[in-house]
Amino acid sequence: MARIGIAGAGIIGCATAVHLIEQGHDVTVFEKDPGGLPASVGNAGILAVPEIDPLARPDMILSAPKWLLDPLGPLTLRWQDLPALTPWLVSLLMAATPARVKQSRIALLGLMREALGAHEHLARVTGLSGHMKPTGALTIFDSEKAVDDAFRHGRENATLLGYAVEKLDVGQARARVPALEGKFAGGVFSAGYQTFLDPLALLRHLQAYVRERATLVDAAVESVRQEANGVTFLATGEAPATFDKVVIAAGVWSRTLVRQLGLRVLLETERGYNTTFTNPQVTLDLPVFFAEHGFVATPLRNALRVGGAVELAKPEAPANFARAAAMRQKMRRYVPSLPETGGTEWMGRRPSTPDSVPVISLCPADPRIALAFGHGHLGLTLSAITGRKIAQLLNSGETPDLGPFSIQRFQ
């Protein structure tokens with residue numbers, strides 16, 4: 001048994017804690033805002049196994065100028081933050097070559113093949129059931145060419161991961177989702193998706209499990225100190241705590257801790273927005289992606305969530321909730337019965353690497369320190385398998401399958 005400290009009690013930190021507790025370790029988790037609403041609870045609430053394509057792709061780079069000209073489009077950049085974001089953006093461009101895209105797809109594919117099983121294991125260990133539903137998801141498009149292109153690519157991913165995919169005309173799509181009364185050209189249904197009915201309840205369940213079986217400290221880790229007898233966390237208002245091993249899983253704030261260790265990392269926030277309607281008058285039987293506009297509508301337990309898009313900005317920049325309003329307005333083109341008012345708006349910070357491949361790694365110079373961050377849009381999806389991999393790293397050391405996720409790619 002080892003004494004292990006974890007910086008971060010979001011979905012990644014908690015999933016890691018559960019695996020380490022299961023193995024009999026003495027675990028202490030530090031979280032600066034345990035009652036907060038991090039990216040893992042305000043997301044689309046989807047187990048997105050089919051999504052092995054990185055953000056950085058040639059088609060995205062070609063579309064980006066048009067999106068950036070629309071201040072409420074699917075991609076926006078706070079220009080005053082451009083100097084701070086430039087290294088990340090340059091690396092994003094470099095990651096969009098066909099060869100790099102292929103590498104990222106292969107890396108994400110390996111995790112996605114284990115993602116569902118890892119979530120099912122996490123649920124069994126923590127006594128959770130009925131929190132996921134195999135809904136599949138529908139993606140609709142404004143042109144027939146877009147439908148054809150998406151179906152062709154969707155079949156490629158489906159073949160790799162082993163699920164069904166269907167091309168639907170307008171009538172077939174409306175039969176699946178009658179609320180789609182607006183104009184569109186057709187859609188693609190993918191059976192590879194599942195829906196988390198209440199992402200917030202899932203996180204709170206995992207946090208409660210950690211509190212009962214380990215220690216959850218309500219304080220932020222401000223620095224990490226490597227010492228001969230262990231690794232010490234210095235947390236706000238707390239006495240120094242020394243552990244045999246530690247995990248850094250503090251979202252975008254992990255970059256500060258990692259830089260203290262002399263490591264370079266490119267980690268920025270793809271900030272996302274949503275609106276959640278409770279007891280909604282509009283009902284959807286499954287998630288619907290509006291791919292050309294960069295958002296998704298997800299039916300949760302007694303709720304409907306409309307959210308997505310990407311805003312590149314500093315983590316501390318003020319929220320721009322006009323982006324949430326824009327998504328609601330765009331959705332009403334397709335679902336006219338969506339309310340114009342009401343709902344609760346939210347903004348979250350997705351910690352993202354330029355190549356969309358998370359860091360799941362040991363510190364190169366100190367194997368007592370594990371790193372787990374940078375999951376972007378896939379934090380909820382990849383949380384359980386990341387926790388399993390981090391536990392394996394701390395127990396057995398680096399393995400070839402995790403080479404693509406090493407922080408050494410940034411050094």
Side-chain angles (χ1 to χ4, degrees), residues 39 48 51-70 73-112 149 153 156-157 160 248 251-256 258-259 261-272 291 294 308-315 317 349-364 371-379 381-382 386 398 400-411:
E51 296 185 15
I52 60 174
D53 295 296
L55 176 68
R57 306 183 306 273
D59 62 301
M60 186 280 294
I61 299 299
L62 292 173
S63 299
K66 178 183 70 175
W67 291 339
L68 289 171
L69 290 173
D70 179 357
L75 172 66
T76 191
L77 170 67
R78 281 176 53 93
W79 295 104
Q80 59 267 49
D81 294 343
L82 181 59
L85 297 171
T86 294
W88 190 92
L89 290 169
V90 170
S91 186
L92 178 82
L93 293 172
M94 295 173 64
T97 65
R100 292 284 303 280
V101 170
K102 182 179 179 180
Q103 291 175 5
S104 296
R105 275 174 52 85
I106 292 172
L108 291 172
L109 174 64
L111 291 184
M112 289 300 187
D149 291 345
H153 187 69
E156 294 176 6
N157 288 0
L160 293 171
I248 297 176
V252 69
W253 294 278
S254 300
R255 64 188 183 183
T256 301
V258 164
R259 288 165 185 166
L261 299 172
L263 296 172
R264 181 174 184 264
V265 66
L266 290 172
L267 189 65
E268 295 292 349
T269 53
E270 293 179 50
R271 303 192 334 163
V310 171
E311 178 185 55
L312 298 175
K314 291 181 179 179
R349 303 167 181 86
R350 311 178 188 105
S352 301
T353 61
D355 57 7
S356 298
V357 177
V359 174
I360 306 172
S361 172
L362 294 179
C363 177
L371 313 170
F373 48 78
H375 292 72
H377 296 251
L378 299 171
T381 297
L382 295 178
T386 296
E398 295 280 6
D401 64 304
L402 289 179
F405 306 93
S406 174
I407 198 169
Q408 297 214 58
R409 72 186 191 270
F410 296 110
Q411 307 316 305

#### Entry: Leu89 and Leu82, any side-chain heavy atoms less than 4.5 Å apart
yes

### Summary
OG of Ser356 to CG of Leu92, rounded to nearest 0.5 Å, is 7.5 Å

### Message
Between Ile360 and Leu382, does the side-chain contact (heavy atoms from CB on, under 4.5 Å) criterion hold? Intermediate values first, please.
### Response
CA-CA 11 Å; Ile360 306 172; Leu382 295 178; over 6 Å; no

### Message
Do Ile407 and Cys363 have side chains that approach each other closer than 4.5 Å (heavy atoms only, starting at C-beta)?
### Response
no

### Message
Pairing donors with acceptors under 3.5 angstrom, does anything connect the side chains of Ser352 and Glu270?
### Response
yes

### Task
Take Val265 and Phe373 through the test side-chain contact (heavy atoms from CB on, under 4.5 Å) and record every step on the way to the result.
CA-CA 11 Å; Val265 66; Phe373 48 78; 3.9 Å; yes

### Query
Going by heavy atoms in the side chains, are Leu362 and Leu371 under 4.5 Å from each other?
no

### Task
State whether the side chain of Arg271 and the backbone N or O of Ala317 hold a donor-acceptor pair below 3.5 Å, judged by distance alone.
yes

### Message
If the test is side-chain hydrogen bond (donor to acceptor under 3.5 Å, both in side chains), which one of Arg255, Arg349, Lys314 qualifies with Glu268?
### Response
Arg255

### Query
Are side-chain heavy atoms of Asp81 and Leu312 found at a separation under 4.5 Å?
no

#### Entry: Asp53 CG to Leu108 CG distance, which is reported to the nearest 0.5 Å
8.5 Å

### Query
Looking only at heavy atoms, what is the nearest atom pair of Pro54 and Arg105, with distance?
CD-CG, 3.9 Å

#### Entry: CG on Leu160 to CE on Met112, rounded to 0.5 Å
12.5 Å

### Residue pair Pro351 / Gly251: nearest heavy atoms and the distance that separates them
CB-C, 3.7 Å

### Query
Is there a side-chain contact between Leu266 and Thr353, using heavy atoms and a 4.5 Å cut-off?
no

### Task
For residues Ala56 and Val101, report the shortest heavy-atom separation together with the two atoms involved.
O-CG2, 3.3 Å

### Query
Can you find a side-chain donor-acceptor pair between Glu51 and His377 that sits under 3.5 Å?
no

### Heavy-atom side-chain proximity of Pro364 to Leu263 below 4.5 angstrom
yes

### Task
Could you check Thr97 against Arg100 for side-chain contact (heavy atoms from CB on, under 4.5 Å), going step by step and ending with a plain yes or no?
CA-CA 5 Å; Thr97 65; Arg100 292 284 303 280; 3.2 Å; yes

### Query
Out of curiosity, Leu62 CG to Arg57 CZ, how far, rounded to the nearest 0.5 Å?
11.0 Å

### Task
Could you tell me which non-hydrogen atom of Ala84 sits nearest to which non-hydrogen atom of Pro87, and how far apart they are?
O-CD, 3.7 Å

### Query
Which atom pair, heavy atoms only, marks the closest approach of Trp79 to Leu68?
CH2-CD1, 4.4 Å

### Summary
Rounding to 0.5 Å, atoms NE2 (His375) and CG (Leu378) come to a distance of 8.5 Å

### Task
Determine whether Val357 and Phe405 make a side-chain contact, defined as any pair of heavy atoms from C-beta on separated by less than 4.5 Å.
yes

### Query
Taking all non-hydrogen atoms of both residues, which atom of Ala313 and which atom of Leu85 are closest, and how far apart?
N-CD1, 4.0 Å

### Query
With no hydrogens and no angle check, is any side-chain donor or acceptor of Gln411 less than 3.5 Å from a backbone partner on Arg264?
yes

#### Entry: Nearest-0.5 Å distance that lies between atom CG in Asp355 and atom CZ in Arg409
4.5 Å

### Message
Do Ser406 and Ser361 have side chains that approach each other closer than 4.5 Å (heavy atoms only, starting at C-beta)?
### Response
yes

### Query
Can you list the steps and then say if Asp70 with Leu75 is a side-chain contact (heavy atoms from CB on, under 4.5 Å)?
CA-CA 8 Å; Asp70 179 357; Leu75 172 66; over 6 Å; no

